[in-house]
Amino acid sequence: MSVAKRVSEEMETDLGDKVGYAIRFEDVTGPNTIIKYMTDGVLLRETLKDADLDKYRVIVMDEAHERSLNTDVLFGILKKVVARRRDFKLIITSATLNADKFSKFFGGVPIFHIPGRTFPVNIMFSKTPCEDYVEAAVKQAMTIHITSGPGDILIFMTGQEEIEATCYALAERMEQLISSSTKTVPKLEILPIYSQLPADLQAKIFQKAEEGARKCIVATNIAETSLTVDGIFYVIDTGYGKMKVDNPRMGMDALQVFPVSRATADQRAGRAGRTGPGTCYRLFTESAYQNEILPNPVPEIQRTNLGNVVLLLKSLRVENLLDFDFMDPPPQENILNSMYQLWVLGALNNVGGLTEIGWKMVEFPLDPTLAKMLLMGEQLGCLDEVLTIVSMLSVPSVFFRPKDRAEESDAAREKFFVPESDHLTLLNVYLQWKSNQYRGDWCNDHFLHVKGLRKAREVRSQLLDILKTLKIPLTSCHMEWDVVRKAICSAYFHNSARLKGVGEYVNCRNGMPCHLHPSSALYGLGYTPDYVVYHELVLTTKEYMQCVTAVDPQWLAEMGPMFFSVKETDTSLLDHKKRQKEEKTAMEEEMEKLRQEQAEAARIEKEKEWEKRAKQQQQVAMPGLKKGATYLRPRKMGL
DNA sequence: GAGCACTGC
């Protein structure tokens, strides 16, 4: 948006006239617009309406090296547009040196090199692998502060907990230094930054340090690309970052610490050279940089759930997804897995084409499961309620839990609990916020993130617009919460679990163990329901179900007959099962085979995963921290 | 009785 604004000023027109922009919730363009700035997501959705992109003569894909999921899908689509249209030009800009790869993909097109505008950065490697990078980073920062010239410091850590530990240790070291020193010690402003940090605290990193003071920013990879701070002369890079990895075999996500790639390490180092020549201290060896880490990050498309991508490509009538021209194709197994999930949801028919439900699901900017929930809400007459739940699930958790007020915020959260359902708890939160005029101070009083709730409201209104264009009326079940639970159940029956022990469940389909999270509304219920469905399974210290709703097993049998049968002699259900069996097609049989293979693969994968984690991770008590405070650190570099 | 890299539609 800010680029569009600058260009429109340059061209002496109003923003939205000749020059405009479009992002998710905002379209500032008009009939005169000749230059339109937009996100890759907006362009991708435009291809759904106009596959040839006839509106455009030239498309510039910026920051292509970031290889976002949307960009990678667009590459394949745009390659076809280039082949079909002679009047169309495509320009791709990338900050890394792998221009050859892009050129090759588009058929050996010419490459133009434009020199950068940054200052040189002196790189310093560790001589030996570092045992404790929090400690090493603190030491390095203190050395810079005491011995080096002016300029701010930026430290890359993997997450909130490490950032807090680093800041705490830095403050302590500074205190020691001041009390033991006879000379005055220059001030060090220690500033944490990560995306979950409240906005007012985030803003602090952009304020100029007071006279004679030095800023030391301790950041996650948010400071790699998302935000830029000028005045950084020193970067300290731990060489690690967190990444979300989807494990389709286990049906589970995990946020894991990985060594960063060479390209990412270079990107981090570059942050020291924006204002003048800088220095980057890498807390890993040169040999690790050269020989152990990957040259580039694994593109998102190869490590993410492909449900949305499959749905989108199917709607673009790509018959065989395994043949689609991806620059870096995702593993075939991931594609098949996502197809299976979509088939289970009823979005794909037995020959792999979109069903009526599937075509509707494409319209919504939602995960397939959530789109399905919306459509079930329509069918069951509780669309209004489901719409809110879906919107709340599309934003990061709205519950705010600062460390120093943990008990207080837990108590506040519990007041919203609807027994037996975290989904309904989310609905409850939203409804109460609404009846308090969507006020920000009300959120603060109740330990809720205002930002998240506002976003949920925006998502809700966007989805409502889409429902309107599809002529789907907004129905309500007026607090008949069993109806809502039924709609929830119908979207999640692939994520259903059966009680096995105290707070311990197993996935109904593949026997994967899964546990209630202590923050769930079902946790302190006094009893545990026999059957539940969950939004997602997350691997941390255990396999935790996140966002859980108790369900009636009858519902599972009614709505997911490909998985479940009921033991009671309910003839209508049995007949239904029988009919299903007779109608089994080749695709169904194949899918059933796949299901069994998956169950076995999941078991093996689980064992492997835990073995790997046992090797990789070590709980280390932080010296100088409050008792019990720990952080996770990988032992040494390596994949 | 636990843990939250980061975009994007």
Side-chain angles (χ1 to χ4, degrees), chain A residues 22-27 38-48 63 66-74 156-164 193-197 219-227 238 240-245 253-258 260 264 267-268 297 300-301 303-304 307-309 311-312 361-368 370-371 391 394-403 406-407 409-410 413-414 449 452 455 458-459 462-463 465-466 502-503 515-520 522-524 536 538-546 619 628-632:
Chain A
I23 53 176
R24 180 167 186 180
F25 300 117
E26 249 181 300
D27 186 350
M38 61 180 134
T39 54
D40 52 4
V42 171
L43 183 61
L44 192 57
R45 290 224 82 89
E46 284 191 11
T47 62
L48 291 177
E63 309 276 7
E66 284 180 16
R67 302 294 305 274
S68 77
L69 184 65
N70 291 339
T71 300
D72 265 21
V73 177
L74 276 168
F156 283 101
M157 284 286 159
T158 70
Q160 180 176 345
E161 196 173 8
E162 280 176 9
I163 289 174
E164 279 165 4
I193 178 101
Y194 45 88
S195 100
Q196 293 279 63
L197 194 74
T220 59
N221 30 21
I222 194 172
E224 267 164 28
T225 50
S226 308
L227 46 90
T238 57
Y240 289 97
K242 276 188 194 169
M243 241 189 340
K244 195 171 167 180
V245 283
D253 292 334
L255 203 56
Q256 272 175 273
V257 175
F258 288 98
V260 300
T264 306
Q267 168 93 10
R268 288 180 173 187
E300 193 182 359
I301 198 159
R303 55 180 168 85
T304 197
N308 265 324
V309 174
L311 210 54
L312 190 118
M361 280 166 62
V362 183
E363 296 290 323
F364 299 97
L366 290 171
D367 282 341
L370 296 182
S391 306
S394 304
V395 301
S397 170
V398 296
F399 295 110
F400 179 49
R401 194 171 185 273
K403 251 209 187 90
E407 275 177 33
S409 54
D410 282 346
R413 194 184 66 241
E414 277 164 31
H449 278 123
K455 179 109 187 267
E458 277 186 312
V459 173
Q462 188 191 28
L463 295 175
D465 284 345
I466 296 168
V502 183
H515 307 263
L516 276 179
H517 195 273
S519 66
S520 169
L522 281 75
Y523 194 86
E536 55 186 11
V538 178
L539 183 66
T540 52
T541 53
K542 275 185 193 165
E543 300 90 345
Y544 280 111
M545 297 181 279
Q546 279 191 350
Q619 289 273 342
T630 56
Y631 72 100
L632 291 172

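Lettering of chains follows the sequences in order, A, B, ..., and the numbering in each one begins at 1.
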- request: Give Tyr523(A) one of three labels, base, sugar-phosphate or nothing, depending on what nucleic acid heavy atoms sit under 4.0 Å from its own.
  value: sugar-phosphate
- line: Asp410(A) CG to dC4(B) P, in whole Å, measures 16 Å
task: Using ring pair (Phe, Tyr, Trp, His ring centres under 6.0 Å) as the criterion, list what pairs up with Phe364(A), not counting sequence neighbours.
output: none
- request: Give Asp253(A) one of three labels, base, sugar-phosphate or nothing, depending on what nucleic acid heavy atoms sit under 4.0 Å from its own.
  value: nothing
- request: Among the candidates dC9(B), dC6(B), dA5(B), find the nucleotide nearest to the side-chain atoms of Met243(A).
  value: dA5(B)
Met243(A): partners by side chain to side chain contact (heavy atoms under 4.5 Å, CB included), with sequence neighbours left out: Phe258(A), Arg303(A)
task: May I have the distance from His517(A) (atom NE2) to dC4(B) (atom P), rounded to whole angstrom?
output: 8 Å
field: Residue mapping more 5' on DNA chain B - nearest nucleotide basis, Leu366(A) or Gly241(A)
entry: Gly241(A)
message: I'd like to check Tyr194(A) versus Glu162(A) (side-chain heavy atoms, cut-off strictly below 4.5 Å). Are they in contact?
response: no
field: Shortest non-hydrogen separation from Gly159(A) to Lys242(A) and the atoms involved
entry: CA-NZ, 4.2 Å
- prompt: Can you check the Leu69(A) CG to dC9(B) P distance for me, whole Å?
  reply: 13 Å
message: For a quick check of understanding: with a heavy-atom distance under 4.0 Å over all strands, which category does Ser226(A) fall into, base, sugar-phosphate or nothing?
response: sugar-phosphate
task: Would you kindly give the CZ-to-C1' distance between Arg67(A) and dT7(B), to the nearest whole Å?
output: 15 Å
Between P of dG8(B) and CG of Asp367(A), the distance in whole Å: 16 Å
- prompt: Side chain of Arg401(A): nearest nucleotide among dA5(B), dG8(B), dG3(B)?
  reply: dG3(B)
- request: Could you state the atom-to-atom distance from CD of Glu543(A) to C1' of dG3(B) in whole Å?
  value: 16 Å
message: Please pick, from dC4(B), dG3(B), dG8(B), the nucleotide with the shortest atom-to-atom distance to any side-chain atom of Leu255(A).
response: dC4(B)
query: Does a side-chain heavy-atom distance below 4.5 Å link Val309(A) with Asp72(A)?
result: no
message: Students often get this wrong, so: under 4.0 angstrom with heavy atoms, is Val42(A) touching a base, only sugar-phosphate, or nothing?
response: sugar-phosphate
query: Under 4.0 Å between a side-chain N/O of Thr541(A) and OP1 or OP2 of dG3(B), yes or no?
result: yes
Upstream residue (5' side of DNA chain B) when Gln160(A) and Asn308(A) are each assigned their closest nucleotide: Gln160(A)
- line: Taken to the nearest whole Å, CE/Met38(A) to P/dC9(B) is 12 Å
- request: Check whether any side-chain N or O of Ser519(A) sits under 4.0 Å from OP1 or OP2 of dG3(B), and answer yes or no.
  value: no
message: Taking 4.0 Å as the cut-off, does a side-chain nitrogen or oxygen of Thr540(A) come that near to OP1 or OP2 on dG3(B)?
response: yes
- prompt: Hey, does the side chain of Ser195(A) come within less than 4.0 Å of dC6(B)'s phosphate (OP1/OP2), counting only N and O?
  reply: yes
- prompt: When you check the gap from the basic side-chain N to the acidic O, do Glu224(A) and Arg268(A) get nearer than 4.0 Å?
  reply: yes
- request: Measure from CZ on Arg413(A) to C1' on dC4(B) and round the result to the nearest Å.
  value: 13 Å
